[in-house]
There are 2 protein chains.
Amino acid sequence: MTAPSIGNLADLARIAGVSTSTVSRALADSPLISEKTRTRIAELAREHGFQLNQVARNLRLGRTQAIAVVLPLGDESAQHVSDPFIMTLLGFLADALTERGYDLLLTRIVPADDQWLDRLTISGRVDGVIVIGQSDQRAVLDRTAARYLPLVVWGEAGIGQKHCAIGTDNCEGGRLATAHLLGLGRRRIAFLGNPAAPEIGARHAGYLAALADAGITAEPSLLLPLQLGSKAAFGLTRDFLAAHPEIDGIVAASDVAAMGAIRALSEAGRAVPEAVAVIGYDDVPFAAHTTPPLTTIRQDLGKGAELLVAALFERMAGTATPSVAFAPELVLRASA
Amino acid sequence: MTAPSIGNLADLARIAGVSTSTVSRALADSPLISEKTRTRIAELAREHGFQLNQVARNLRLGRTQAIAVVLPLGDESAQHVSDPFIMTLLGFLADALTERGYDLLLTRIVPADDQWLDRLTISGRVDGVIVIGQSDQRAVLDRTAARYLPLVVWGEAGIGQKHCAIGTDNCEGGRLATAHLLGLGRRRIAFLGNPAAPEIGARHAGYLAALADAGITAEPSLLLPLQLGSKAAFGLTRDFLAAHPEIDGIVAASDVAAMGAIRALSEAGRAVPEAVAVIGYDDVPFAAHTTPPLTTIRQDLGKGAELLVAALFERMAGTATPSVAFAPELVLRASA
DNA sequence: GCGATTTCTGCAATCGATTGCAAAATTGAT
DNA sequence: ATCAATTTTGCAATCGATTGCAGAAATCGC
């Protein structure tokens with residue numbers, strides 16, 4: 001039978017026959033402790049499987065060594081969505097934070113009032129906050145950002161916006177997608193997605209800009225304000241496409257929406273990309289595996305996560321960081 | 001200009017002109033505090049936007065109010081995988097834990113040694129641990145489970161296993177999938193997935209059992225031990241299918257694998273499901289949107305998350321819980 | 001062998017909360 | 001007004017660590 005397991009620093013100190021200060025310093029490799037006692041204590045710690053209590057340690061050090069990652073479930077999307085795009089970003093964030101020795105506190109929030117972010121920031125549970133997606137909470141984000149520095153947001157950097165938003169240039173992405181279809185000779189190009197969301201709005205603006213550049217007047221009826229992730233999405237898409245047989249190109253605001261469109265077209269017997277070219281957005285992991293593989297606009301989430309975390313740490317160190325929008329990238333596959 | 005913001009309980013006590021004990025009790029709605037002071041203090045707290053420091057509170061109360069959710073990235077899958085299946089489960093877990101007032105600490109681990117789980121359990125950062133997927137870490141899980149009660153695992157309940165595993169009955173799932181294809185008249189059925197992983201192994205066992213029941217001798221060459229999430233997966237699948245033109249049915253160990261197979265078949269000009277019926281596994285969110293929509297074996301992750309969390313809380317309360325395997329379900333769509 | 005340095009160790013305060021116990025204030029009865 | 005019973009409040013210890021400062025032990029010179 002092994003020795004009774006050691007619960008705290010004091011226990012270990014008792015066993016070692018020294019004070020807690022000495023143990024603490026020994027474990028922290030303080031030069032104040034002689035080589036001899038240091039190794040002896042390290043040995044004892046290993047032997048008894050002792051580890052410092054991180055909570056107590058962090059309390060004393062006035063930090064938490066944890067970052068909150070918030071998924072605000074705005075509006076109607078109160079159902080349990082699990083957008084592969086968001087989840088991929090989350091994975092990268094987990095890696096980036098772990099690498100720096102921080103824990104990641106995952107928080108899903110249905111913003112019932114406008115206090116949710118304040119509650120989180122002053123609860124003392126985390127050293128910083130990363131919000132994924134602005135949803136319809138820009139006002140809350142702006143207000144909190146004015147008071148709480150270590151806050152960064154994945155999303156669109158709007159004008160007059162007070163919080164630090166990091167994301168891809170969605171307007172450029174929308175332009176890129178649309179220009180690609182135009183280059184393919186398509187002229188009656190639909191847009192699938194709800195421009196009311198900031199990111200989607202920017203993509204739609206890019207879509208309009210590209211059309212204008214090509215001298216084409218945008219046809220308002222070719223906009224389907226699709227709620228991402230909604231159950232009704234596929235039905236709406238099918239009906240929309242049936243009502244608009246003239247469409248020869250589709251700019252979808254997400255890969256999921258593009259996938260639905262491809263399926264609807266396929267069921268209606270219209271070939272992709274021959275009859276209708278479809279371009280997605282995000283380049284989620286499965287985009288390469290659809291039939292046909294999805295041409296799409298790629299957002300480099302590895303880079304995005306790295307930028308988010310880098311900005312957050314700068315802010316935790318006290319310096320405000322600007323918003324950044326980096327360029328998305330056209331990924332050519334087979335759907336357009 | 002508003003009053004300087006209140007940092008801690010003592011500050012608030014000073015402002016209120018009472019002791020910290022009184023403030024603490026007032027905020028906790030203790031009956032020891034008169035109605036008058038209670039409301040006065042509550043009012044002050046709101047006014048100054050004061051909130052208790054949760055870290056300090058939990059330290060005193062000897063808990064953390066946080067649960068670790070671990071994604072062990074076993075073997076070669078050290079790349080940044082983001083299996084939609086795992087991510088969906090994660091979302092449900094986040095909801096279930098939040099509902100009970102617990103934080104979710106997300107931890108990705110590449111098991112370099114066999115101490116990773118011990119380090120986590122004795123770090124004092126969490127009150128319990130949920131491990132998603134056994135990967136190749138069964139020994140570690142068993143060892144830790146013997147010492148640390150509040151540990152539950154999403155995965156396959158193997159015989160002689162010491163830890164509490166909760167998951168669907170993978171053998172039954174594999175049987176279901178295979179029996180469905182057999183019912184469709186298919187006879188040369190391939191299995192896509194690596195049986196070395198516990199869950200996949202069980203699905204493969206079910207596949208073999210179904211074939212045996214139908215009086216068919218399983219053909220070892222019809223097994224493609226595909227590494228899930230690997231980059232090479234698609235190429236391997238294509239080559240495999242090209243080498244086996246006799247195949248008329250595919251049981252895939254995941255929806256992602258099924259999707260790859262459908263694409264490979266489609267590129268080879270073989271119709272799904274007419275020439276080759278394909279059935280997936282998991283019923284991830286996009287499974288309904290592939291072309292054709294995926295027939296698959298559904299694992300009810302909402303239920304799974306609920307079971308995991310329920311078992312974990314029982315264990316945190318001190319009672320050991322048994323492993324459970326609940327039934328998966330055949331979802332009929334168009335691919336088989 | 002003795003005092004002056006240098007090296008090592010320990011006491012006690014601290015982080016921000018909670019809580020048992022005792023003291024103070026209030027209330028009520030006489 | 002006095003005293004007992006009751007209600008309210010505060011002191012101080014505690015959770016498990018870290019760290020400034022002071023005191024003990026070891027080392028050194030002569």
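Per chain, numbering begins at 1; letters A, B, ... match sequence-line order. What's counted below: heavy atoms across the whole structure, side chains too, no hydrogens, waters or symmetry copies.
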Check whether the side chains of B:Q161 and B:R138 place a donor and an acceptor atom closer than 3.5 Å, and report yes or no.
-> yes

Can you tell me the distance, in whole Å, between the CG atom of B:L52 and the C1' atom of C:dC15?
-> 15 Å

Could you state the CG-P distance from B:L61 to D:dA13, rounded to the nearest angstrom?
-> 20 Å

Nucleotide D:dA17, atom P - distance to CZ of A:R60 in whole Å = 13 Å

Check step by step if side-chain contact (heavy atoms from CB on, under 4.5 Å) holds for B:L106 and A:L93.
-> CA-CA 10 Å; B:L106 182 60; A:L93 284 175; over 6 Å; no

Could you tell me whether the phosphate oxygens of D:dG16, OP1 or OP2, come under 4.0 Å of any side-chain nitrogen or oxygen in A:N8?
-> yes

Hey, does A:T37 reach any base, or is it just sugar-phosphate, or nothing, if we go heavy atoms under 4.0 Å?
-> sugar-phosphate

Polar contact flag, side-chain donor to acceptor under 3.5 angstrom, A:D127-A:T64 | yes

State which of C:dG16, C:dA13, C:dT9 makes the closest approach to the side chain of A:I33.
-> C:dT9

Could you tell me whether B:S24 contacts a base, only the sugar-phosphate backbone, or nothing, with contacts defined as non-hydrogen atoms closer than 4.0 Å?
-> base

Hey, does B:L32 reach any base, or is it just sugar-phosphate, or nothing, if we go heavy atoms under 4.0 Å?
-> base

Starting at atom NZ of B:K36, determine the distance to atom C1' of C:dA25, rounded to an integer number of angstrom.
-> 11 Å

Mind checking B:S21 for me? I need base, sugar-phosphate or nothing, with any heavy atom below 4.0 Å counting as a touch.
-> base

Grab the CZ-C1' distance between A:R63 and C:dG16 for me, whole Å please.
-> 17 Å

Judged by modelled atom types alone, do B:R147 and B:T121 share a side-chain donor-acceptor pair under 3.5 Å?
-> yes

For B:V55, answer base if it contacts any base atom (sugar-phosphate contacts may also be present), sugar-phosphate if it contacts only those atoms, and nothing otherwise; contact means non-hydrogen atoms under 4.0 Å.
-> nothing

Kindly assign one of parallel, tilted or perpendicular to the pair A:W154 and A:F85, based on the angle between their ring planes and the thresholds 30° and 60°.
-> tilted

Residue-phosphate contact under 4.0 Å: A:R57 side-chain N/O, D:dT18 OP1/OP2 = yes

Atom CZ of A:R125 to atom P of C:dG16: distance rounded to whole Å?
-> 17 Å

Would you mind classifying the nucleic acid contact of B:L59 as base, sugar-phosphate or nothing, using non-hydrogen atoms under 4.0 angstrom?
-> base

N/O donor-acceptor pair, side chain A:R25 with base C:dG10, under 3.5 angstrom = yes

Grab the CG-C1' distance between A:L12 and D:dG16 for me, whole Å please.
-> 13 Å

Distance below 4.0 Å between A:T20 side-chain N/O and D:dA17 OP1 or OP2 | no

Give a yes/no answer on whether the side chain of B:S19 brings an N or O atom under 4.0 Å of OP1 or OP2 in D:dG10.
-> yes

Give the rounded distance in Å between these two atoms: CD of B:E35 and P of D:dT6.
-> 22 Å

